[in-house]
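Down below is the structure, laid out as structure tokens.
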Amino acid sequence: MPGFFSSAWTIASQDLFCMLRQKETLLWTFLMPGLFFWFIGTVTGGFGGMQADPERKDALAFVHADDDPVAAAIAARLEASNYRLYTPGEEYELEDFSRRLIAPDDLGGSVLDGQQRTLRFGTSIEGPTAAYDMFRIQRATLQTLADLALLEAADTPPTAEAFKALRERKPTLSMTTRRARSDGSQRVPSGFEQAVPGTMVMFTLVILLTAGATQLLTERREGLLRRLASAPISRGSVVLGKWGGKFGLALVQIAFAMLLGRLAFGVHWGPHLFTVFALMASYAAFLASCALLLGNFATSEGQATALGVLAGNVLGALGGCWWPVEITPEFMQKLALFLPTGWAMDGLHKLLSFGMEPASVLPHVTGMLAGALLLGAGVRRWFKFAS
């Protein structure tokens with residue numbers, strides 16, 4: 001009689017291979033998540049408010065005189081505000097830019113003589129982003145005026161070197177701001193930081209409850225499970241093998257989603273990568289047991305698919321996969337902690353967005369592993385080899 005674990009391993013590897021051969025599984029495991037990453041991440045980019053990203057540079061066309069030290073000082077301040085500046089050679093080239101800032105030719109000399117001059121800002125962008133652009137440009141202008149006042153007070157000529165020395169000078173007064181939250185978090189995740197983990201959590205749920213459950217129903221209907229029952233393999237080994245195949249599929253999807261999120265969408269998985277994967281592995285273990293449970297008690301493939309899609313969408317929405325649960329009312333945040341998707345998303349936010357230590361997700365991992373064992377034990381007790 002084959003060994004308990006060797007038999008389970010054989011069943012699990014064969015199940016995983018069979019599921020990965022199905023076109024529907026390949027589509028929803030490797031193609032659709034990337035499309036959802038891009039779409040949801042683009043649409044929800046403003047959920048967290050206007051948060052400066054030091055790696056992101058917005059293109060800005062800045063037209064000014066080449067030898068104007070005041071304009072050059074404003075340009076340096078704009079670059080420090082996450083702008084990538086361009087100087088179009090011809091006027092018609094300005095139309096290629098969604099942000100355009102034009103300074104008068106005599107800006108430096110006029111300002112030094114005490115005359116008022118106006119910088120003209122044009123943009124094709126609307127909404128909060130346009131207001132944020134205006135704020136950054138006004139800030140750069142006011143900072144330059146403050147530098148001019150300091151140089152005048154020190155009787156120092158307004159040269160490029162003098163402006164640079166002021167920018168590099170250590171400030172005598174600094175202020176640190178952060179979002180005030182009762183849990184000590186720094187910011188609400190938004191854009192791809194929310195979309196990639198959220199879509200990964202939801203799609204793992206949908207795939208496990210559809211492809212994983214329907215495969216079990218198909219094998220039961222076609223008599224494959226009856227053949228396993230007649231083989232010299234224990235019931236526990238069969239159940240463990242079926243669970244292992246679904247767990248393996250979830251790990252493949254999670255690993256692919258994390259890799260795609262990092263390479264294609266710039267998602268940083270934080271300093272505790274092993275803990276992030278351990279959290280998702282415990283989530284996958286729980287979902288594998290749920291897939292076995294659904295496949296064991298559903299009466300048809302259509303019923304299992306419908307229940308899987310419905311559960312994926314409902315639990316995804318309530319658990320914070322579609323939008324940050326932190327922006328919802330307090331009772332919704334509490335409800336999410338009773339859902340597996342809520343456990344996974346809360347743990348991911350703690351590790352990735354709020355900078356918490358691995359110990360903060362220990363209850364999440366323990367709870368999901370305990371749930372996986374309890375459901376798995378129940379399936380083993382009532383596992384059906386025939387309809």
Side-chain angles (χ1 to χ4, degrees), residues 16 19-59 82-84 98 125 129 132 186-208 210-211 247-281 283-284 287 309 312-313 316-317 319-327 341 344-355 361:
L16 178 59
M19 285 187 287
L20 289 177
R21 291 181 60 187
Q22 299 174 3
K23 294 180 180 179
E24 296 83 359
T25 303
L26 291 174
L27 175 68
W28 289 95
T29 300
F30 299 109
L31 178 61
M32 296 306 294
L35 296 178
F36 274 72
F37 290 167
W38 173 81
F39 177 75
I40 299 178
T42 302
V43 170
T44 62
F47 268 141
M50 292 298 177
Q51 300 168 8
D53 181 357
E55 296 183 359
R56 179 188 175 196
K57 300 290 184 180
D58 297 319
N82 289 349
Y83 280 117
R84 180 177 289 108
S98 58
I125 301 173
T129 302
Y132 185 50
Q186 298 284 327
R187 58 194 172 93
V188 174
S190 63
F192 295 117
E193 291 182 350
Q194 161 66 26
V196 172
T199 303
M200 175 178 67
V201 168
M202 187 184 75
F203 268 63
T204 305
L205 172 63
V206 172
I207 289 296
L208 263 290
T210 53
F247 178 67
L249 177 62
L251 291 185
V252 169
Q253 182 161 17
I254 290 168
F256 176 76
M258 292 180 65
L259 184 62
L260 181 64
R262 182 71 188 109
L263 297 180
F265 301 101
V267 176
H268 181 55
W269 295 103
H272 309 297
L273 182 61
F274 176 80
T275 306
V276 171
F277 197 78
L279 173 69
M280 291 307 300
Y283 176 68
L287 293 186
V309 172
N313 283 276
C321 297
W322 293 4
W323 46 71
V325 74
E326 289 81 8
I327 68 172
T341 48
M345 291 304 299
D346 183 64
L348 288 173
H349 284 181
K350 279 181 166 60
L351 294 172
L352 305 181
S353 301
F354 304 152
V361 300

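- Contact between Gly248 and Leu16 at its shortest, heavy atoms only, is C-CD1, 3.8 Å.
- Nearest heavy atoms, Ile125 versus Ser98: CD1-OG, 3.8 Å.
- Nearest approach of Val206 to Gly312, heavy atoms of both residues: CG2-CA, 3.7 Å.
- The NZ atom of Lys23 sits 11.0 Å away from the CG atom of Leu27 when rounded to the nearest 0.5 Å.
- Residue Leu352 comes nearest to Pro197 through the heavy atom pair CD1-CG, 4.3 Å, listed as atom of the first residue, atom of the second, then distance.
- Counting all heavy atoms, side chain and backbone alike, Ala284 lies closest to Leu251 at CB-CD2, 4.4 Å.
- A distance of 8.0 Å separates CD1 in Ile254 from CG in Leu287, rounded to the nearest 0.5 Å.
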What pairs of donor and acceptor atoms, side-chain ones from residues 262-274 against any protein atom, are under 3.5 angstrom apart with sequence neighbours left out?
residue	atom	partner	partner atom	Å
Trp269	NE1	Met258	O	3.0

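- With rounding to the nearest 0.5 angstrom, the CG atom of Leu20 is 6.5 Å from the CG atom of Leu26.
- Residues Val201 and Leu348 meet the side-chain proximity criterion, which asks for heavy atoms closer than 4.5 Å.
- Note that OH of Tyr283 is 9.5 Å distant from CE of Met345, once rounded to the nearest 0.5 Å.
- Of the possible donor and acceptor atoms, one in the side chain of Gln194 sits under 3.5 Å from a partner among the backbone N and O of Gly320.
- Applying the side-chain hydrogen bond (donor to acceptor under 3.5 Å, both in side chains) rule to Thr25 yields the partners Gln22; only residues at least two apart in sequence or on another chain are considered.
- Contact check for Val325 versus Asp346: no side-chain heavy atoms found under the 4.5 Å cut-off.
- Applying the side-chain hydrogen bond (donor to acceptor under 3.5 Å, both in side chains) criterion to Glu24, with sequence neighbours excluded, gives no partner residue.
- Here the CE atom belonging to Met202 is positioned 10.5 Å from the OG1 atom belonging to Thr341, to the nearest 0.5 angstrom.
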Could you check Val252 against Phe30 for side chain to side chain contact (heavy atoms under 4.5 Å, CB included), going step by step and ending with a plain yes or no?
CA-CA 9 Å; Val252 169; Phe30 299 109; 3.8 Å; yes

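- Classified by interplanar angle (parallel below 30°, tilted 30° to 60°, perpendicular above 60°), the ring pair Phe203/Trp28 is tilted.
- Contact of the Asn313 side chain with the Trp322 side chain is registered, since non-hydrogen atoms from C-beta on lie closer than 4.5 Å.
- The distance from atom OG1 of Thr199 to atom CZ of Phe192, rounded to the nearest 0.5 Å, is 10.0 Å.
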